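Just so it is clear, the structure is predicted and the values come from calculations on it, not from any experiment.
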Amino acid sequence: MYITALDLGSSQIRAIVAEVKKGGQLAIFGVFKIFSAGIRKGEIVDMEETTEALRETFLKIKEIDKAAIKNIFVNVGGVGVKCQTSRGIVAVSRADNEISQDDIDRVIKASQAIKLLPNRMIIHTLAKEFVIDGISDIREPLAMTGTRLEVNSLIIDASSPNVKNIINCVESLGGKIGGLIYNPLSGGRSVLTKAQKDLGAVLIDIGSGTTSMSVYEEGKLLHAAAFPVGSGNITNDLAIGLKCSVKAAELIKILFGTALSRDVSSKEKISQSIIKEKSGVDVRELDKNFKTVVSRRFVAEIIESRLSEIFEFINNELKLVDRSRRLPAGAVIVGGGAKIPALVELAKQELKLSAEIGMPEIQNLEFYNAEFGGQVESSDFSAVAGLLLWGSDEHSGEKNWTISKQGLKGLVFKMLKYFKP
C-alpha cells in the first residue's frame with residue numbers, strides 16, 4: 001500500500017511518496033519540492049494555477065506507482081481555520097454500565113453539536129478529556145464503568161469552499177484524498193516527542209505566507225492558531241526598505257539575514273561584489289537598478305522587527321490559554337523561516353521560553369534513495385513528514401484526528417449539495 005503526503009504551501013509544494021511494508025515500516029520512494037502557484041496565505045485562490053503546478057509532480061508520482069495518487073493525505077491551511085472547545089454528554093447504553101466504543105463515538109458526536117455558519121465544516125474533533133460520573137481527566141474510557149459519559153473536545157472547523165478547492169484540485173488530476181489534516185497538527189506529529197507533548201510545548205511553523213502554532217500539554221493538543229504573516233513578509237519588508245526587487249531582497253535575506261541586529265556591526269556592508277563573491281550571482285540580473293551599498297545591520301533590523309511581530313502574535317495566543325512563559329518544553333520552531341540565523345535566540349528573548357529548531361524524526365523511515373533522507377531531515381519538511389505519519393497511523397489502525405474515508409464521502413456529498421446552483 002502506498003501513501004502520498006502533500007503539503008500545499010504558499011511558496012513551495014512538497015510531497016513524499018511511501019510504501020507501507022509489513023510491520024508498518026515506511027519505505028520512501030519519492031520526495032518532491034516544486035514552486036507553488038495559485039496559493040496565497042495557505043489557501044487556494046486560483047485553481048487552474050495550482051493544478052498546473054501539481055500536474056508534473058503527479059505524473060512523477062504515478063511513475064512510482066499509479067496507486068500512490070489514490071491515497072493522498074493533504075494539509076488544510078490558512079488563517080480561516082478556527083478552534084473552539086465543546087462538551088458532549090451521553091448516558092452509557094449497556095445494562096452493566098460498561099462503556100463501549102459506541103458510547104465513545106456517540107459522546108464525541110454529541111460534542112460536535114455546535115453552531116457553525118453555512119460555509120463552515122468540522123475537520124477535526126479532538127477529545128481533550130473524558131469524564132465518567134464526574135471523575136475527570138480520563139484519557140481512555142473504553143471498558144470502564146459508569147452511568148454518564150462526558151467529553152471535553154477541541155473542535156477545529158474550516159471554510160467549506162477552501163476544503164472543496166483542495167479536494168477538486170487533487171481529484172482533477174486523478175488523485176483521491178485519504179485524509180485532511182489541519183496544518184499546525186501535522187508538524188507536531190513528526191517533530192515533537194512524547195516527552196515534549198507531556199511537559200508542555202508550542203510548535204511554531206513559520207511558512208512563507210502564514211505562521212501557525214500548536215500548543216500541547218499532558219500529551220494533548222491544547223490550542224492551535226495561524227496568522228497571516230510569514231517569511232515572505234520579511235522579504236517584502238526588505239524589498240521596501242532596501243528599494244530593490246523582491247528577488248534581490250530574498251537573496252540578501254538568505255545570504256546576510258539574521259534575527260538579532262545587535263550581533264551585527266554597524267560597519268558591515270553589503271555590496272554587489274560581496275553578494276557575487278558569496279553566492280556567485282550578479283544581483284543586477286535580479287534587479288538592474290541595484291547599485292547601492294547596504295548596511296547589514298539595517299537588514300537585520302528589518303528582519304528582527306517582523307519576527308518580533310510574529311512572536312508577539314504567538315505570545316498573545318499563549319496568554320489566551322494561560323500558557324505564556326509556562327511551557328517547560330519551550331518552543332520548537334519549524335518551517336522555511338526557521339532557517340534564519342539567530343532565530344532561536346530571538347525566540348527565547350521574545351517568548352521567555354527555551355527554544356530550538358525542530359527536525360522531522362526519520363530514524364524509523366527506510367529510504368529507497370540515500371538523498372531522500374537529507375531532503376526530508378529539514379525543518380521545512382516537518383509538515384509533509386507529519387502528513388505521511390498520519391497516513392501511516394490510519395493504515396495501522398491507530399487513533400488519529402483525520403477525517404475517515406466514510407466521512408470524506410459524506411463531506412463531498414454535502415459540499416456538492418451546498419454548491420449546487
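A 6.0 Å sphere centred on CD of Glu309 holds more than 12 heavy atoms belonging to other residues, nucleotides or ligands. For Phe367, the CZ atom sits in a packed shell: over 12 heavy atoms of surrounding residues, nucleotides or ligands are nearer than 6.0 Å.
Taken to the nearest 0.5 Å, the CG atom of Leu185 stands 8.0 Å off from the CD1 atom of Ile123. Here Leu251 contributes atom CG and Leu238 contributes atom CG; the two are 11.5 Å apart, rounded to the nearest 0.5 Å. Interatomic distance, Glu345 CD to Leu343 CG, rounded to the nearest 0.5 Å: 8.5 Å. Rounded to the nearest 0.5 angstrom, Cys169 SG and Asn165 CG are separated by 8.5 Å.
Closest approach of Asp7 to Ala383, counting heavy atoms only: OD2-CB, 3.8 Å. Nearest approach of Thr210 to Pro228, heavy atoms of both residues: CG2-CA, 4.4 Å. Closest heavy-atom contact between Thr4 and Ala68: OG1-O, 2.6 Å. For Ser231 against Ile206, the heavy-atom pair with the smallest separation is N-CG2, 4.1 Å. In terms of heavy-atom proximity, Gly77 sits nearest to Asn162 at O-ND2, 3.8 Å. Val202 and Val215 get closest at one heavy-atom pair: CG2-CG2, 4.1 Å.
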Which donor-acceptor pairs under 3.5 Å do side chains of residues 24-36 form with protein atoms, sequence neighbours excluded?
unit_1 : atom_1 : unit_2 : atom_2 : d
Gln25  : NE2    : Asn364 : O      : 2.9
Ser36  : OG     : Gly9   : O      : 2.7

Can you list, pair by pair, the side-chain donor-acceptor contacts under 3.5 Å of residues 347-361, counting residues two or more places apart and other chains?
unit_1 : atom_1 : unit_2 : atom_2 : d
Gln349 : OE1    : Arg262 : NH1    : 2.9
Lys352 : NZ     : Gln349 : O      : 2.6
Glu361 : OE2    : Gln363 : N      : 3.0

Table please: side-chain donor-acceptor pairs of residues 372-379 below 3.5 Å, with sequence neighbours left out.
unit_1 : atom_1 : unit_2 : atom_2 : d
Ser378 : OG     : Asp380 : OD1    : 2.4
Ser379 : OG     : Gly335 : O      : 3.2

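With salt bridges taken as basic N to acidic carboxylate O contacts below 4.0 Å, none links Arg297 and Glu268. With respect to the salt-bridge test (charged N to carboxylate O, under 4.0 angstrom), the residues Lys176 and Glu171 do not qualify.
Residues that satisfy the salt bridge (charged side-chain N to carboxylate O under 4.0 Å, His left out) test with Lys60, not counting sequence neighbours, are Glu56. Contacts of Glu317 classified as salt bridge (charged side-chain N to carboxylate O under 4.0 Å, His left out), with partners at least two apart in sequence or in another chain: none. Residues meeting the ring-ring contact (aromatic ring centres under 6.0 Å, His included) test with Phe227, sequence neighbours left out: Phe313. The salt bridge (charged side-chain N to carboxylate O under 4.0 Å, His left out) check on Glu285 picks up nothing, with sequence neighbours excluded. With sequence neighbours excluded, the residues forming a salt bridge (charged side-chain N to carboxylate O under 4.0 Å, His left out) with Asp282 are Arg284, listed by chain and number.
Among residue pairs with one or both ends in residues 324-334, those qualifying as salt bridge (charged side-chain N to carboxylate O under 4.0 Å, His left out) are Asp322-Arg326; sequence neighbours excluded. Here salt bridge (charged side-chain N to carboxylate O under 4.0 Å, His left out) pairs that include residues 17-29, with residues two or more places apart or in two chains, are Lys21-Glu366. Counting only residues at least two apart or on different chains, the side-chain hydrogen bond (donor to acceptor under 3.5 Å, both in side chains) pairs with a member in residues 233-248 are Thr235-Glu250, Thr235-Lys253, Asp237-Arg306. Counting only residues at least two apart or on different chains, the salt bridge (charged side-chain N to carboxylate O under 4.0 Å, His left out) pairs with a member in residues 105-124 are Asp102-Arg106, Asp103-Arg106, Arg120-Asp157.
For Glu217 (side chain) and Leu222 (main-chain N/O), no donor-acceptor pair under 3.5 Å exists by modelled atom type. Remark: side-chain polar atoms of Lys41 are not paired, donor with acceptor, to backbone N or O of Val79 under 3.5 angstrom. In this structure, the side chain of His124 engages the main chain of Tyr182 through a donor-acceptor pair within 3.5 Å.
For the residue pair Ser153 / Ser111, a side-chain donor-acceptor distance below 3.5 Å is found, with atom types taken as modelled. Checked by atom type, the side-chain pair Ser324/Asn315 shows a donor-acceptor distance below 3.5 Å.
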Passes salt bridge (Lys or Arg N to Asp or Glu O under 4.0 Å), Lys220 versus Asp137? Steps please.
-> CA-CA 11 Å; Lys220 298 170 289 190; Asp137 202 27; 3.4 Å; yes
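For the pair Lys164 and Ser160, the minimum side-chain heavy-atom distance is 4.5 Å or more.
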